[in-house]
Every structure is written in C-alpha cells, then in structure tokens.
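In what follows, a structure is listed as structure tokens, so that the remarks can point back to it.
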There are 2 protein chains.
Amino acid sequence: MPTEDTEPTSERLSRAVWRTVAEDGIEGTSVRRVAQHAGCTTGLIMHHFGSRGAMLKHAREVLYKRTEERANIAENTHQSPRFRLKEVLCGVLPLDTERKHEARVWAGFAATALSDDAMRKIHVSGNRRWLHRIARIISTCTPDASTDSVKISAIQLIAATEGLALLASLDPETYSAEIQESILAMEVDNTLRKMASPPSAHIE
Amino acid sequence: MPTEDTEPTSERLSRAVWRTVAEDGIEGTSVRRVAQHAGCTTGLIMHHFGSRGAMLKHAREVLYKRTEERANIAENTHQSPRFRLKEVLCGVLPLDTERKHEARVWAGFAATALSDDAMRKIHVSGNRRWLHRIARIISTCTPDASTDSVKISAIQLIAATEGLALLASLDPETYSAEIQESILAMEVDNTLRKMASPPSAHIE
C-alpha cells in the first residue's frame, strides 16, 4: 500500500470521501469534513470533484465497485453452485470491518434515495443488476426451475440479506457475524430445497 | 376527522412533522418546512417541541405507536396463529399509502441511527421489542420448539420483512404489494414447516 506521500491524489481523496461517508453518514459528508480527512484544502476537493453531489456519486460508485468485485471473486470460485450463491450473498453482510463500512454506506444511500430521485434511479438500477446476478446463480443450482420461480427465490434471498445487513449494522450485539452467516445459510438451503421439491402439505 | 379549525394544535403539528419526514426525509425536516406544512410560524413549532431534535423524536414515537397499534390489532384477531404471524409482519410492509409513508420514515430513522448514537439506542430497543413480539407469536404456532429455534426463526422473518420493506420502498415497480405479500407468506410457511420437521437431507 503506498504511503501518503507517494499515493496519487485521486486515490487519497477517494479514500477520504469513503471514510467520511462511512463514519459520518451521507448528511454529515461535507466538503469541509472530507478535506479534514484528506488533510487538504476544501479548494482541492472542489477542484477534484466539482460539487458535493459529484463527491457523493463517487462514493456510490466506489461502493458498487467493491460489491461487484467481491461478488465476481465469489462467483468464480471452484465450489458448488450452492456454496457460490451463499458466498456472493455474504459479500454484502457486515461480517468484518470492511463490509461493516460498506453496509453503513449502502444504508445511508438507500435512505437518501427515498427522497432524492436521481439517487433513487442509481440505486434501483444497481439493485436490479444484483437481482439479475442472484437469479443467474440460482439457475445454476436448479437448472430445471421456471424463470418465475427463480425470480421469486432471488427476491427472497436478497430481501433476507438486505434485512440482515441493516439489522446487524444497527445492533451487532443481537445479530453477530455467526448468527448472520447461519441464518443466510438456512435461507439458501430452504430456498433451494423448496425449489427442488415444492411443498405438498398446507400448514395451519 | 376534525377540520383544520377545530383540530387541536398538538395534533395538527404532529401531523405536519409526520408529513414532512415522510415526504422530505429526516434531513429535509427543518423547523421551517414543518411550519410550512402546518401553516403556522416557526415560533409556534419551537414553542411546542422545543428543538428540531425533539421534533424528530416525536416523529419516531408516532411511528412506534402506529406500528404497535396495527400489530396489536393483528395479533388479537380470531384467526390461526400462522395467520396472525403473517398479519403482524405485513403491518410493516409498504402495502398501501399509509404503510408506504411509515416504511419511508422507518428507513430514514434507521439510516440516521447509524451515525447518531441516541437515535441508535431508541431504534435498537424498538427492534428488540419487535423481535420479542414475533418470537412470542411463533411460539404459539410451534409450542414444542426450543427458545433458540424460535429466536432464529424470528430473526429470519424480521430480516426478510425489513429487507422487503426497503426494496419495495425504493423500487415499487419490481416489488409490488402482491409480490411482497406472496414472498412473506412463503417465508412464514417455510419457517413454520422447517420448525415442524427439521431437514433430514443435505442439499449440495
């Protein structure tokens, strides 16, 4: 890893934006605060990004890039499709410091997107790509399943993962990494089991 | 419903705070904006609530009250335990306009709680009460299940519901009310089925 002296300015500023969003939340991310973290003037931040909005968009892109890179690695591992599915989903759970930061940044952007239409469009398009990816991996686990059944299962797993990520980000005591992983494993198994053999009995 | 003239001031201001948080998000909720919605001076708002922080705390309390009232009604219905479980969980899904507003307010507070420790404590304590409630209803469905198994199932259902609520709030086109309800019903059925008969086969 380069020291502060040799690290290119763009990387240093990018890291400062990321750190500010992760620590202070979206609304706490001012140009002044990023400049403090980067150890530079607010002028340099404005010169580099152009606006606070562009700075936030950059942080959003960094988040997508990190999530996608981790998912690509997990998807290309030489393991069973079921293992790959669980690994890709685990990529967005706050299981370690790096993913904890990512989950905080993700939750902040999700909330911002609720009342900011431009941000909402970016969020929705990213989420649909994610849905497409999870559906694709489920298909490799259950090649005979219908498109509808695969889509519903993908939504189930994504909802379970996003819900767990939010719960655990806010209350890590109750939702430890161990609990998150075991619940996700159960969700994956239940989903694949149900797809392999649709239920015959009604529960009341 | 009282008209603006006969409605008590406290109710009118409460509605204005709620509306502002639901429409403009937490960060967009300024004293000025609430005064605009209430059709009064910012002085009256400050006199009534004391501070912006107290105003936001009030909105958080309104959200809990609404959620709990709906859950109490659903839990006391004369239906099967399984039906009651699904009904209580549906209370926090954005299935109609009222619940859409609530889900937006909830997501905003969840994100704010990530970088605001006082808000986080309120959020965590509310979430633990919710976990306790869902576990209690699951116990009535599966009286022989162990405490651990009930807790894990409660977390599964809460995560699935919160995840769905967030996905649907941001992308209602992909996650329609119909899809949300059918996925929640499946989650409830899968959870209760699994508790009734633990899996014997391993899926790979």
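Labels below follow one simple rule: chain letters A, B, ... track the order of the sequence lines, proteins then strands, and each chain is numbered from 1. These numbers come from a predicted model, not from an experiment.
- Between chain B and the residues A:L166, A:L114, A:D24, the most heavy-atom pairs under 4.5 angstrom are made by A:L114.
- Looking at B:W130, neither its backbone nor its side chain comes within 4.5 Å of chain A, counting heavy atoms on both sides.
- Ranking A:G28, A:S169, A:A110, A:A107 against chain B, the residue ahead of the rest is A:A110, based on heavy-atom pairs under 4.5 Å.
- Annotation for B:N76: atom CG counts as buried by contact number, over 12 foreign heavy atoms lying within 6.0 Å.
- Considering all non-hydrogen atoms of both residues, A:A111 and B:G108 come closest at CB-CA, 4.4 Å.
- Taking A:S153, A:A160, A:A22, A:A168 one by one and counting their heavy-atom pairs under 4.5 Å with chain B, the maximum is reached by A:A160.
- Closest heavy-atom contact between A:M186 and B:I152: CE-CG2, 3.0 Å.
- Around atom CG of A:D96, more than 12 heavy atoms belonging to other residues, nucleotides or ligands sit under 6.0 Å away.
- The shortest distance between side-chain heavy atoms of B:E173 and A:R128 falls below 4.5 Å.
- Between chain A and the options B:E162, B:R104, B:E23, the largest number of non-hydrogen pairs under 4.5 Å is found for B:R104.
- Under the 4.5 Å side-chain criterion, counting only non-hydrogen atoms from C-beta, B:S115 is not in contact with A:E27.
- In terms of heavy atoms, A:T174 sits closest to B:K151 at O-NZ, 4.4 Å.
- When the candidates A:I155, A:L131, A:I26 are compared by the number of heavy-atom contacts under 4.5 Å with chain B, A:I155 comes out ahead.
- In this structure, the side chains of A:Q156 and B:N190 come closer than 4.5 Å at one or more pairs of heavy atoms.
- Taking B:A159, B:C141, B:G163 one by one and counting their heavy-atom pairs under 4.5 Å with chain A, the maximum is reached by B:A159.
- Residue B:F109 does not touch chain A at all, counting heavy-atom pairs closer than 4.5 Å.
- Note: A:L167 leads A:L164, A:L167, A:T191, A:I179 in heavy-atom pairs under 4.5 Å with chain B.
- If you take NZ on A:K194 and CZ on B:R193, they are separated by 9.0 Å, rounding to the nearest 0.5 Å.
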